[in-house]
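Numbered from 1 within each chain, the chains take letters A, B, ... in sequence-line order. Just so we're clear, the structure is a prediction, and the values are computed from it rather than from any experiment.
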Number of protein chains: 2
Amino acid sequence: MIRIALDVMGGDKAPEETKAGALLFAEEIKKSKKHVHLVLIGTENDLKDLENHPLKSYFSIEIARDYLPMDIKPTDALRRKESSMYVGAQLLRDKKIDAFVSAGNTGALLACATLVVGRIPGIERPALAVPIPSLNGFTVLIDGGANAEIRPDYLPQFAAMGIEYAKILGKRFPKVGLLNVGTEENKGTEMQKMAYALLKQRFDNTFYGNVEGNDIALGTVDVVVTDGFTGNVALKTMEGVAKLISHILKQEAKKSIDGILGAFLFSRVLKKLKKNLDPRTYGGTFFLGVDGIVVKAHGNSDRIAIKNALNVALKGVEGGLNENLKRELEGWK
Amino acid sequence: MIRIALDVMGGDKAPEETKAGALLFAEEIKKSKKHVHLVLIGTENDLKDLENHPLKSYFSIEIARDYLPMDIKPTDALRRKESSMYVGAQLLRDKKIDAFVSAGNTGALLACATLVVGRIPGIERPALAVPIPSLNGFTVLIDGGANAEIRPDYLPQFAAMGIEYAKILGKRFPKVGLLNVGTEENKGTEMQKMAYALLKQRFDNTFYGNVEGNDIALGTVDVVVTDGFTGNVALKTMEGVAKLISHILKQEAKKSIDGILGAFLFSRVLKKLKKNLDPRTYGGTFFLGVDGIVVKAHGNSDRIAIKNALNVALKGVEGGLNENLKRELEGWK
């Protein structure tokens, strides 16, 4: 039995949308007949309406006496040990659950995951791995924002994590690229030059070399490694472009009969485009390197995004994401 | 009389497309009756067919005995003093021309501009300023890739350059944002924290604070300052997303009658979208901080892009871009 826990109290739309998302997921478990059990962590008050729910056999309730506000500081989060997020991290550490999903404050979740659950041996800094739609299906970008400042030797670790994630998502022999400002070996700052050498040494054929920003969406490689500062800027820049394009399409569509009619006929395409570029489609991103599956759902998640995030976690457990990663890192010793 | 020079030998499609672009520009000068004169710098062999051209009164020819290949190293470029690019930089230094445009190797152009033409007093590192389409018309991103590594105190200088550029493009009171991984004051690495303090001190009301990647396309501010590494990644990431979207739209349009018809009726919109996101639309980016107007055209420029780059240069001269910047920096002493 796979046990996936959800922090019902985390997210801008918690607990209504988190609960609704949990029920959508429970419905899916029921249909799929998979051996999966959902654990909902939240305050008694917010969970009592689910006690006699028809889907109750698919989930259990774990009461937490406290919960964290969305603007909490990571250091404060570590002090509030009765919060739903902290309780989730403890359950994961104690192997009482196989995965933990939260749409709460990112820094708080990273802190609880790293310090309560702990790191996988061989990983110095856990990192956020984000799958990005690309011409080649998707590209895993890691680090998506957990570590603004890094050392070059973290990048082979990020690469190992990204590779295992890409495998879970169906890539058989993932290729890794180092995000840089040119493709030649000697490009970038000292950080990139040193990281290039370390990646080449560690991965050899799996390492493609340097890639540039456009290669993320073009899908030149399956995994793009970078520091959390650059990764976060790249991710958010893409979000902005997608919004701009959607705005231009909408505005232009209103301007003429051809535009209105074209947009109407094209609506399926535009919907698909929006879905492709919407971060909620993927629902959640793995916080990899922690000794337990942790999925960060977007703070703004609605029920669909929460359900998707729970599925991301399930996929990670089913695919043996952390076991594979540990095996790979064993070989590095 | 404003004198704009073009490096006819620079660019993947030189000299055919550079010459064709120059003639399109000459045609525009003729029509506009502006007091503008074009100077074409290239080898005798490549320019002899223009000697008796009907538009000859709008341009003159400057013979260079050498030209730089597209993959030249900056250090080698500085040694080849008879190249069209080096000659252009010399003409600019000697005030024989008001602006210089090249689609040649970026590093070589930056080296020739910085070391032959020289810097504006108060600017330690010239930087590439790139206007990016946004919900607010455009956002000037600086540095777009000239300086992979920077010091925090360069950022107020980048901001000053970006502000003057934004003014040239019609913004009356440009606001400046610092590219970061969150909007709070204490976000980012030591570099961003120090830069934040310096920007706040120098610009006060003009400084908006931290912005994130999505703010570039959303147009939250008029000028976004960052190091050349992050700036280059952001720019290229956007290019990639635009290509991905254009690909999705094309593929989907083929899949059904509705799609085909929709795309047909929507074609004007799609063309506008493509134009908006195509770097060639702007034609060229200013290399600011050099004591003379230098415009870098995309290496892959066709005649339209070259013509647009020449117009960018003209706009800079007409708007007094460098004079305004010098005046601003005078006040900093």
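Proximity to chain B is absent for every atom of A:T226, based on heavy atoms less than 4.5 angstrom apart.
Note: A:Q192 leads A:Q192, A:K243, A:M191 in heavy-atom pairs under 4.5 Å with chain B. Comparing B:K236, B:H247, B:E190, B:M238 by how many heavy-atom pairs each has under 4.5 Å with chain A, the most go to B:K236.
For residues 208-220 of chain B, heavy-atom neighbours of chain A at less than 4.5 Å comprise B:E212, B:G213, B:N214, B:I216, B:A217, B:L218, sorted by residue number.
Considering every non-hydrogen atom in both A:F229 and B:V181, the closest pair reads CD1-CG1, 3.6 Å.
A distance of 7.5 Å separates CG of A:D227 from OG1 of B:T230, quoted to the nearest 0.5 Å. How far CD1 of A:I150 is from OG1 of B:T189: 12.0 Å, rounded to the nearest 0.5 Å.
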List the steps and the verdict of side chain to side chain contact (heavy atoms under 4.5 Å, CB included) for A:V233 and B:V233. CA-CA 8 Å; A:V233 167; B:V233 168; over 6 Å; no
